[in-house]
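Notes for the one structure printed next.
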Amino acid sequence: MIGYVASDLVWASRIKAEADAKGLSSRRVTSVDRLREVLLTDAEALILIDLESEDADVIIDALRGAGAIEGAASARTVAWGPHVITERLQEAKDRGIDLVLPRGAFATRLPTLLGESAG
């Protein structure tokens with residue numbers, strides 16, 4: 001399953017369409033409760049996080065921080081944001097996000113990332 005945090009509807013639509021094309025279930029994550037549902041449904045979930053989303057920090061904390069979700073497997077995580085927010089991108093790495101990409105690289109790699117999740 002693909003869980004995605006994206007307040008921008010263009011990104012949300014793009015991720016959902018790409019997941020659908022690969023036959024993957026996807027769910028927009030808008031809260032820690034939604035994140036819990038994704039993680040407890042699929043032990044090998046991929047969580048995608050738009051660092052410009054207002055929910056990004058809460059979700060990262062729930063994934064990697066003191067508020068980690070009990071009973072949930074550790075999901076693979078990918079975060080992205082504009083290349084000009086270098087401190088924010090580094091902060092996501094420092095907080096334990098598995099892969100942090102500038103927005104252009106994320107857009108290019110999205111089909112591959114989802115393909116890896118399907119395989």
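Since we're looking at a predicted model, the values are computed, not measured.
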Would you please test Trp11 and Leu48 for side-chain contact (heavy atoms from CB on, under 4.5 Å) and show each step? CA-CA 10 Å; Trp11 278 114; Leu48 306 174; over 6 Å; no
Go through the steps to decide whether Leu101 and Thr108 satisfy the test side-chain contact (heavy atoms from CB on, under 4.5 Å), and finish with yes or no. CA-CA 10 Å; Leu101 299 167; Thr108 300; over 6 Å; no
For Arg88 and Glu91: C-alpha separation, side-chain torsions, deciding distance, then whether side-chain contact (heavy atoms from CB on, under 4.5 Å) applies. CA-CA 5 Å; Arg88 183 89 168 107; Glu91 177 186 327; 3.5 Å; yes
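The side-chain heavy atoms of Ile47 and Ile2, taken from C-beta on, include no pair separated by under 4.5 Å. Looking only at side-chain heavy atoms (C-beta outward), Tyr4 and Arg27 stay at 4.5 Å or farther from each other. Within the 4.5 Å cutoff, the side chain of Val5 has no heavy atoms near those of the Thr30 side chain. Taking the side chain as every heavy atom from C-beta outward, Pro102 and Trp80 never approach each other to under 4.5 Å. When side chains are defined from C-beta on, Ser26 does not count as touching Met1, because their heavy atoms never get closer than 4.5 Å. Annotation: side chain of Asp57 is in contact with side chain of Arg95 (closest heavy-atom distance under 4.5 Å). Within the 4.5 Å cutoff, the side chain of Ile49 has no heavy atoms near those of the Asp55 side chain. Leu63 has its side chain within reach of Leu39: a pair of non-hydrogen atoms, C-beta onward, lies under 4.5 Å apart.
Ion pairing between a basic and an acidic side chain is recognised when a charged N comes within 4.0 Å of a carboxylate O; Asp50 and Arg103 show no such pairing. Classification of Arg76 and Glu44 as a salt-bridged pair fails, no side-chain N sitting under 4.0 Å from a carboxylate O.
With hydrogens and angles disregarded, a donor-acceptor distance shorter than 3.5 Å links the side chain of Arg28 to the backbone of Ala6. Checking side-chain atoms of Asp98 against main-chain N and O of Val78 turns up no donor-acceptor pair under 3.5 Å. Side-chain atoms of Arg14 come within 3.5 Å of backbone N or O of Ala107 as a donor-acceptor pair.
For the side chain to side chain contact (heavy atoms under 4.5 Å, CB included) test with Leu89, the passing option among Ile97, Val100, Asp94 is Val100; the others fail.
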